[in-house]
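Each ligand, and each atom within it, is numbered from 1 in the order the structure gives.
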Amino acid sequence: MTSFALHGIGVSGGIAIGRAQLVSHATLEVAHYTIPPGGADAEISRLEHAINDVRRELEGLYGEMTGGDAPAEFAALLDVHTMILNDPTLSETPKRIIAEQHCNAEWALTQQMSVLVDQFEQIEDAYLRERKADVVQIVERILKRLLGKPGAVRPGGAEQHTILVAHDLSPADVIQFKTHRYAGFLTDVGGPTSHTAIVARSLAVPAVVATHNARHLIRENELLILDGTNHVVIVNPDKSVLTEYRLKQGEHELGRAKLRRLVSKPATTIDGVAVELHANIELPDDLEQALDNGATGIGLFRSEFLYLNRLGQPSEDEQFEAYRRVAAGMDAQEVTIRTFDLGADKQNWALDGLARVAPNPALGLRAVRFCLAEPRLFLTQLRAILRASHYGKVRILVPMLASVGEIDQTLALLAQAKETLREQGVPFDSGIAVGGMIEVPAAVLAISSFLAKLDFVSIGTNDLIQYTLAVDRADDAVSHLYDPLHPAILRLIAMAIDGANKARVPIAVCGEMAGEVDLTRLLLGLGLRRLSMHPSHLLTIKQRVLTTDLGAIKAVVERIRRTDDPAKLASLLEKLNA
Ligand code: PEP
Ligand code: MG
């Protein structure tokens, strides 16, 4: 077996060593060949076997789901899949195609899938139209059986030694992996701040994205070394390389173990300045990891993840329960719930396809724009958050603000939500703080008008960089242009911090830059005292805070503020981190 290396973008550090498991994708390549005369019956029976296998697979999953505490929606989804599988247009028509065209079963099946997908696309009802994705998923399952690669991504005894290799993983895919402990992730596409990368990072497993053709070059079960820190994947390593990496892996784990001693230590600089280190979470279950890593608050709860991997919308009660769990779990510490940032790359089929049809979703009906266009959905969320505010210190954070009118409209809806709760005698924190994400350049440039209406702000550097540099954060073709240290970005961040500090409005950074250890001193030097990041970064960042003397770095930070020269900036940054 030849050994070779693949390069990509390491989006989650550390070293994983394990066997490859290829994840299927809608573009699963299917060969087309003619079967020998008289071979049609055998081909049809091959297809029947595969369909029966998938039926059993679904039944097995159904048993696991309904036996455990999985949400009812998963069972509903499996019902839909079983219905599709049993429909003669999928299970019978391909047999006729095999008999008539003397083609292989895989080809017949994908031909019929295309016909069905076309038919679904003609349906007017948005919900039914989106069921085409389920047809594709079912066909993929059958194809995997036919191609001899059974087993979708699902728990197995060896998953700790398994590295998932996929063309792409959606945030919805990755969120499912939270309950499984895979050794690592590897994808052909994606950027460092794509939501998929963010979720992978929150799983604290090494991940490399943008390898371009890993899924073509790597075969099932091949041994892989994935080095997320150095952006490289080694396929079929020889013995000496493997030994070297096992050693490195041991060192990395030792380093993590040492960091654990800092869990309950307050994050204070050498010269006595206190820094708040908060956690970003996607689901209530992430709370454990946040507390385990010493988070003193939740700086960003990406509530839209409650929408992923389900049919239908989360009800007010269901949302309330999720928010209450986090609020109560953090005791009196701040819990910042961001209102739904749906649209762009976080889609859900229960949303009527509204955001999905946008030709340019990142600039379309996303986040607060979407919520204001769907006031009922927004009111439901605001009521749920308010109800939870009775059980802890909850704050509301509004994403993607571009103009103050959006704040006014949000505040009006919030007042309405409060009123309905008052009428019903439901307790809530009437003084709940409302903050805004600063992630559109317009919000920085007009920051004083935003600060006048908000209780706090949080800089979303992931989107701020995307919108300022016009670089799609999920597109690896332009990921080399995605530059947090671009002078324009540093200037915007400094401007936001200066504005907020002057107005005495608390400001944080909750984008990925907050978890970048080489940027910690720079952000602190620019006047930031609150950082929110993935729990897995908290201790590394705390260690950097503990070894920072703000007085001593002042002059270098001033020079960074003044320079536009990338080479000079790099050397000043090195000096800052020495
Ligand atoms: C950001 O844009 O920096 C941010 C924190 O929000 P998200 O990554 O969820 O868009
Ligand atoms: Mg954002």
Self-check item: Distance-only side-chain donor-acceptor flag, His534 / Gln289, under 3.5 Å
Solution: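 Side-chain D/A pair, His534 to Gln289: absent.
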
Quiz item: With distance as the sole criterion, is a donor-acceptor pair present between the side chains of Thr380 and Glu316 under 3.5 Å?
Solution: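 Their side chains do not contain a donor-acceptor pair, so the 3.5 Å distance test is not met.
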
Which atoms of ligand 1 have any heavy atom of [X] under 4.0 Å away?
X      : result
Arg302 : 4 (C), 5 (C), 6 (O), 7 (P), 8 (O), 9 (O)
Glu439 : 1 (C), 2 (O), 6 (O)
Cys510 : 5 (C)
Asp463 : 1 (C), 2 (O), 3 (O), 10 (O)
Gly460 : 1 (C), 2 (O), 3 (O)
Met437 : 4 (C), 5 (C), 6 (O)

Quiz item: Could you give the distance from CG (Asp286) to CG (Asp292), rounded to the nearest 0.5 Å?
Solution: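 Between Asp286 CG and Asp292 CG, I get 12.5 Å after rounding to 0.5 Å.
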
Exercise. Drop me the distance from Leu569's CG to Arg562's CZ, to the nearest 0.5 angstrom.
Key: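 It comes to 13.0 Å.
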
Exercise. Mind checking whether Leu300 contacts ligand 1 via backbone (N, CA, C, O), side chain (CB onward), both or neither, at a 4.0 Å heavy-atom cut-off?
Key: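 Contact part for Leu300 vs ligand 1: side chain (C-beta onward).
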
Quiz item: Given that the side chain starts at C-beta and the backbone is N, CA, C, O, which of these parts of Asp341 lies under 4.0 Å from ligand 1, counting heavy atoms, or is it both or neither?
Solution: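 Only the side chain of Asp341 comes within reach of ligand 1.
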
Quiz item: Could a heavy atom of Arg366 be found less than 4.0 Å from some atom of ligand 1?
Solution: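 Contact check Arg366 vs ligand 1: positive.
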
Quiz item: Within less than 4.0 angstrom of ligand 1, does Glu512 place any heavy atom?
Solution: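 Under 4.0 Å: no for Glu512.
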
Charged N to carboxylate O under 4.0 angstrom, [X] versus [Y]?
X      : Y      : answer
Arg530 : Glu334 : yes
Arg366 : Asp463 : yes
Arg387 : Asp317 : yes

Quiz item: Closer than 2.8 Å to the Mg ion (ligand 2), which protein N, O or S atoms?
Solution: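 Near the Mg ion (ligand 2), below 2.8 Å, one finds Glu439 OE1, Asp463 OD2.
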
Quiz item: So, is Arg338 polar-close to ligand 1, with some N/O to N/O distance under 3.5 Å?
Solution: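 In this structure, Arg338 places an N or O atom under 3.5 Å from an N or O of ligand 1.
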
Quiz item: Do any nitrogen or oxygen atoms of Arg473 come within less than 3.5 Å of a nitrogen or oxygen of ligand 1?
Solution: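 For ligand 1, there is an N or O atom that lies under 3.5 Å from one belonging to Arg473.
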
Self-check item: Minimum heavy-atom distance Tyr467-Pro441, with the two atoms named
Solution: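 Shortest heavy-atom contact: CB-CD, 3.6 Å.
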
Self-check item: Minimum-distance pair of heavy atoms, taken over all atoms of Ile465 and Pro484
Solution: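 Closest heavy-atom pair between Ile465 and Pro484: CD1-CA, 3.7 Å.
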
Self-check item: Trace of the salt bridge (Lys or Arg N to Asp or Glu O under 4.0 Å) decision for Arg325 with Asp285
Solution: CA-CA 9 Å; Arg325 243 181 85 192; Asp285 282 348; 2.7 Å; yes

Practice problem: With Arg521 as reference, evaluate Thr547, Val545, Val556, Leu550 under the side-chain contact (heavy atoms from CB on, under 4.5 Å) test and give the passing residue. | Solution: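 That would be Thr547.
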
Quiz item: In this structure, which one of Thr461, Ile459, Ile493 forms a side-chain contact (heavy atoms from CB on, under 4.5 Å) with Leu523?
Solution: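 For Leu523, the side-chain contact (heavy atoms from CB on, under 4.5 Å) test succeeds with only one of Thr461, Ile459, Ile493, which is Ile493.
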
